[in-house]
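The next block holds one structure in the form of structure tokens; read it before the comments.
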There are 4 protein chains.
Amino acid sequence: MSRKLKTGVIGLGRIGQIHLSNLLYHIPNAEVVVASDVSDAAHEFAVDAGVKAVRNAEEVIHHPEVEAVVICAPTPQHVPYTVVAARAGKHVFCEKPLDVSLDSIETAAEAVRENNIKLMLGFNRRFDANFSRVRSLVQEGKIGEPHIVKITSRDPAPPPLEYVKVSGGLFLDMSIHDFDMARYLTGVEVTEVYVKGDALIDKRIQQYDDIDTAVIVLTYANGAIGVIDNSRKAVYGYDQRVEVFGSSGVAKAENNTPDNAVYFDGEGGHSALPLHFFLERYEKAYRSCIQAFVDCVVNDTPSPVDAHDGLMATAIGIAAGISLREGRPVRLEELTGKLQVAGSRLHAAP
Amino acid sequence: MSRKLKTGVIGLGRIGQIHLSNLLYHIPNAEVVVASDVSDAAHEFAVDAGVKAVRNAEEVIHHPEVEAVVICAPTPQHVPYTVVAARAGKHVFCEKPLDVSLDSIETAAEAVRENNIKLMLGFNRRFDANFSRVRSLVQEGKIGEPHIVKITSRDPAPPPLEYVKVSGGLFLDMSIHDFDMARYLTGVEVTEVYVKGDALIDKRIQQYDDIDTAVIVLTYANGAIGVIDNSRKAVYGYDQRVEVFGSSGVAKAENNTPDNAVYFDGEGGHSALPLHFFLERYEKAYRSCIQAFVDCVVNDTPSPVDAHDGLMATAIGIAAGISLREGRPVRLEELTGKLQVAGSRLHAAP
Amino acid sequence: MSRKLKTGVIGLGRIGQIHLSNLLYHIPNAEVVVASDVSDAAHEFAVDAGVKAVRNAEEVIHHPEVEAVVICAPTPQHVPYTVVAARAGKHVFCEKPLDVSLDSIETAAEAVRENNIKLMLGFNRRFDANFSRVRSLVQEGKIGEPHIVKITSRDPAPPPLEYVKVSGGLFLDMSIHDFDMARYLTGVEVTEVYVKGDALIDKRIQQYDDIDTAVIVLTYANGAIGVIDNSRKAVYGYDQRVEVFGSSGVAKAENNTPDNAVYFDGEGGHSALPLHFFLERYEKAYRSCIQAFVDCVVNDTPSPVDAHDGLMATAIGIAAGISLREGRPVRLEELTGKLQVAGSRLHAAP
Amino acid sequence: MSRKLKTGVIGLGRIGQIHLSNLLYHIPNAEVVVASDVSDAAHEFAVDAGVKAVRNAEEVIHHPEVEAVVICAPTPQHVPYTVVAARAGKHVFCEKPLDVSLDSIETAAEAVRENNIKLMLGFNRRFDANFSRVRSLVQEGKIGEPHIVKITSRDPAPPPLEYVKVSGGLFLDMSIHDFDMARYLTGVEVTEVYVKGDALIDKRIQQYDDIDTAVIVLTYANGAIGVIDNSRKAVYGYDQRVEVFGSSGVAKAENNTPDNAVYFDGEGGHSALPLHFFLERYEKAYRSCIQAFVDCVVNDTPSPVDAHDGLMATAIGIAAGISLREGRPVRLEELTGKLQVAGSRLHAAP
């Protein structure tokens, strides 16, 4: 039987607990040696699950049995922990975004390359059955050459204003998933971004130079055009749909619902709302995502979501911010220097 | 260019007016020479449309220019007019049912055969795009050998009790369409009927020995099993769906709606009701149906819905009535004598 | 925090392993003390999960810490183990069917009553989100008084002939779920059964007096009519749909699919098949089902699926067999004596 | 009974014939006195329908019985004929676009105002059941304040290159319908346009400075954001969908199909393509559209699609062209002078 990967989990917030439970109960070729968090409640969660709990991330990273770490700490710690782990020869699964600075991402990427470890980012939506099926259809050529990509991504409710203040804004905390999805669905790089956005739900967000509603136009390297529409507040639930239109067809995926029962009375037909919460919507995607990480380490295959993917998603987010502020399309080349440092596949050196 | 068939319309009630309008405006290879009805309002309708109006059906049948008659008179007159027309060498399109008595149907069938005219019955649902697509899928072998046939047929509201009194009851005024559909979808004959039915909507219907809710099980000659569910009152509209399940797949058709807009608010998804009224639901089917009649006469091809089809639909209806009254499955062979007289393809003589 | 129910699992075949995993990883208020099976592989499964494994069911039942047993042994052992457990004062969760004999079921029911334990049967489909939503809509009066109930239940592939030989036949191994569903959806008892069935998929099944295709008509105590259509082989997957039509509307549920992506090419639209396998289709239902058992014991609330439910499902199955053999509708009253012994709510004594 | 409007039809090409047939057979309160076209085939069509045919548009306009003209001539003649008709006191229904020059549209608008006639433009999609239902839902407040509007509009196949040469390009021959739809769905004016477009289907179109694929971002006066995606070639048929997302919900409409039958085989589910051709897709919309014109004249109510609507659609199209050429968002204010001359409701004088 295949060996079990010995993992350590850093950060036992909402997402950390999900990864911990999945590693324990649903990933047959993994086990959890140790987990770290500063809160007592988190410790209790770990201990209840039979996992040793410590307070310090470095203890997890340097634990002699740990082969791979799962970083679910706040974003500012993603790169520092990744670098420490890489230098310690430990593989890294890190929640998105890797960072909000391209320089910082490059630092992590270098550490990964130099120490020859695996780095995988938690873009869990790539592992959703709907979206991965659309990508497969594109890859299999069912719709021909992609021409138009459409992504609808709307949250059920805006986050607290305190969160907005530190989150990096709509593009880096929310749309970043969609930027990754835009690249994932087609396998083609994005080269230009144009944003039209506004604060239509709650004007107070403007004090943090943020918006809550956006339409984002992406240009791909092959001329295809993408469009993302984002809202912080869809009262009917979590709205997550994609469509890829191409030269010989179209592929699309709708929302998931808690049940598909429908009833008709004298007024009309009535059906369920989309799944409201991202943890329900992406429950299986989270599981498949961490499974993919364990598999790529155990089988020594390439990471399915690597530092370059993290870099590009953040770069598109930064370009989107410039476009919004300056009211013009922004080519990613404007951020080129950094991208070259990162060894981007987009602008690969000869 | 193809010649125009000269037709006469007998009876200008609701259905007669539809056939008249279709023949005038939508059937390029037909014209209407004359129409008959006893009411002044009907005459006005004909005259407004530029068609000569008379009071007497025989005037239509014997009009020297008329090549084909469209009989939309009350059911008791279907066979008499058919016989007169056949003897006059005029082709006949007749509304369903041809008659509620198998003997009477045989009389009409004989007149048709002896005078070598075309007789087509107005089972308009055969020409509905949904149902004819399901039949095509079955014929093309997409679902293999049919095993189970399901027909849902529910009216939006019960007819007036006065109508029930003379209509022949649920089986002969409403389910008869479904009996024809059951044969049409598979191309296989029905050999046995079992009915479970009750008056669940309005008990007063029981005084006419009728019911308003029924589940009807049909056995086909090849062992396949059919089930029809009927209700006189679906508050959400006209419910008309079919499904054929077979050895290598299933084909099904849903209701049509006035529009396909859907909206989601905080409560759920909301969509339109099915088209409420049979004239809207089957508007195009009525047109295609009368077109098929004109074509079969003009091109001298077999009638797509002939006397045998009328006979079988009525025979299943009569068997259903016996099953309901006696609480047992009834084989159509019990009515065999009459069927043989009718030259049924089911029990074809050697 | 709520206490944890200490359980023991009897039988670690496919279903036993599912219940064990759910109790361990997904039911917060349960734990598993011990499990029994005769096979080494099953023992390995238990030990891997950290559960003590024994060979003898009685060891599980009489284990001093065990409060409740989960019986996943073959059907003939359901009643014997239930009786032993009841006498030992242990609560029982038992896979369906409780038994294929009404007398035997009554024996178990008596033991349950006399020892005042909880007995819950594993009719897991009651806990499926689609079906429980339809039932809720009915209970909330959204569709008024039920008139017609339709259940489609088709397996993706027939079982091995060896299984058919001992399974009790289509009605008791497969349709029994639908008989329970028919009662569950409406909350009304069934009083009569009529079956039309045949061996359309594989004639060899006839040597065991069994069929593979059936349309089953149920009459409810309030006059409503139900119809179940069963097939052993739907090549497109596991087909599980329900519909309840009533005086003020209709509620229905469709199949679940692995993803909802659809693509259109020049030929048409193309979508996924229904989930193929019952373990995938009912994965969450299995979890909710065992959770409901644990909750009813911990909170001392009535069992949501009790001995009477088991009795009725089996009784309908027996009546269906008589109907098929004798070609006539069979009233459950014909089995009345036994039903009365069982203290049926259907014929409650004054 | 209501009086019949006496109409004359100018131009009997494909669309002219549709309007003529609808006026004759489906609009009870209209008749057709005379029709003009230069081709013999068109004359034959008119005569077959019992309508007098002439060669000269002016003969139609000045025919003493004609109260209203239906202009289906080529676009360059729309304004000249409208002006002549207005001066003759005849009401005008004119196919879209009114013109491709804002000055020219203003000339027509002045003639309409000065002579106090009705002018209605043939934006037939406003009368489509799906789209008008979405608009109604928005108007009824079902989705709250609109935030994001999405319009998908893709043709089944590109027009001949010769047509592209003279059509005014994608924005003025195809997207113009979508620009009108964007205003219709919300009832709010558009203030800014940004386009990303390319020739992805056939590079030869570039020699006419045209494109075949576009994503168009619209900004509304109230801050809402619209996005249109256009393609000249959707191999699966005519793709026409809309969605309006707002503060309390979302409303959307899907494509129409020739039938709704679906079949499942071992590979998946299979359904029909969208209706392929705009004449089928909008058959009923054409009818409702010309009915609306007749009604507004007969009842002396405001034209539902007036000169201002024509002006705005063309203005958005012109702005889109500038945006594409200059790679920047273009505010409609840049075209302000002309808009003010036109008495735009957008910039109404005090």
Side-chain angles (χ1 to χ4, degrees), chain A residues 143-150 152 154 192-203 211-220 222-237 239 241 243 245-252 254-255 268 273-274 323 326-329 331, chain D residues 133 143-150 152 154 192-203 211-220 222-237 239 241 243 245-252 254-255 273-274 323 326-329 331:
Chain A
I143 63 134
E145 195 66 27
H147 288 178
I148 299 173
V149 175
K150 295 171 69 178
T152 291
R154 302 170 188 155
E192 190 188 275
V193 184
Y194 171 77
V195 174
K196 188 75 201 185
D198 209 338
L200 298 180
I201 295 157
D202 185 345
K203 296 290 177 203
I211 56 176
D212 51 32
T213 304
V215 167
I216 303 169
V217 179
L218 305 175
T219 308
Y220 286 90
N222 64 355
I225 308 169
V227 61
I228 296 164
D229 73 274
N230 286 142
S231 171
R232 289 282 199 189
K233 186 176 177 188
V235 300
Y236 52 89
D239 196 348
R241 293 171 281 154
E243 173 173 336
F245 167 79
S247 56
S248 55
V250 68
K252 45 192 173 181
E254 288 295 313
N255 287 310
L273 290 175
S323 175
E326 303 186 2
R328 63 176 180 92
R331 291 189 60 79
Chain D
R133 175 72 178 137
I143 63 135
E145 195 66 27
H147 288 178
I148 298 173
V149 175
K150 294 171 70 177
T152 291
R154 301 170 188 156
E192 189 188 275
V193 184
Y194 172 77
V195 175
K196 188 75 201 185
D198 209 338
L200 298 179
I201 296 157
D202 185 346
K203 295 290 176 201
I211 56 176
D212 50 33
T213 305
V215 167
I216 303 169
V217 179
L218 305 174
T219 308
Y220 286 90
N222 63 355
I225 308 169
V227 59
I228 297 165
D229 72 274
N230 286 143
S231 171
R232 289 281 199 189
K233 187 177 178 187
V235 301
Y236 52 88
D239 196 347
R241 292 171 282 153
E243 173 173 336
F245 167 78
S247 57
S248 56
V250 68
K252 45 193 172 180
E254 287 295 313
N255 287 309
L273 292 174
S323 175
E326 303 186 0
R328 63 174 180 92
R331 292 189 59 79

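Here is the naming used below: chain letters follow the sequence lines, and residue numbers restart at 1 for every chain.
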task: With a 4.5 Å cut-off on heavy-atom pairs, point out which of D:V217, D:V250, D:D239, D:I143 contacts chain A the most.
output: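 Looking at each of D:V217, D:V250, D:D239, D:I143 in turn, D:V250 comes out on top.
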
Contact origin within A:D212 toward chain D - heavy atom pairs under 4.5 Å: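 For A:D212, there is no contact with chain D at all, as no heavy atom is under 4.5 Å.
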
If you round to the nearest 0.5 Å, how far is [atom2] of [Y] from [atom1] of [X]?
| X | Y | atom1 | atom2 | result |
| --- | --- | --- | --- | --- |
| D:T213 | A:F245 | OG1 | CZ | 7.0 Å |
| A:T152 | D:E243 | OG1 | CD | 5.5 Å |
| A:D198 | D:Y220 | CG | OH | 14.5 Å |

- request: Report yes if the side chains of A:K233 and D:H147 come closer than 4.5 Å at any heavy-atom pair, otherwise no.
  value: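 They are not in contact (no side-chain heavy atoms under 4.5 Å apart), so the answer is no.
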
- request: Would you please name every residue forming a ring-ring contact (aromatic ring centres under 6.0 Å, His included) with D:Y194, sequence neighbours left out?
  value: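 With sequence neighbours excluded, D:Y194 shows a ring-ring contact (aromatic ring centres under 6.0 Å, His included) to A:Y194, given in chain and number order.
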
message: Applying side-chain contact (heavy atoms from CB on, under 4.5 Å) to A:E145 and D:L200, what does each step give before you reach the verdict?
response: CA-CA 9 Å; A:E145 195 66 27; D:L200 298 179; over 6 Å; no

field: Considering all heavy atoms, the nearest A:K196-D:I225 contact
entry: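 Looking at all heavy atoms of both residues, the shortest contact is O-CD1, 3.2 Å.
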
For the student: nearest non-hydrogen atoms of D:P329 and A:G327, plus distance: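 Looking at all heavy atoms of both residues, the shortest contact is CG-O, 3.3 Å.
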
query: In terms of heavy-atom pairs under 4.5 Å with chain D, which of A:I148, A:I201, A:N222, A:V227 leads?
result: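 Heavy-atom pair counts peak at A:I148.
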
- prompt: Which answer fits D:V215, side chain, backbone, both or neither, if we ask what part of it has an atom under 4.5 Å from a heavy atom of chain A?
  reply: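 Backbone plus side chain of D:V215, per the 4.5 Å heavy-atom cut-off to chain A.
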
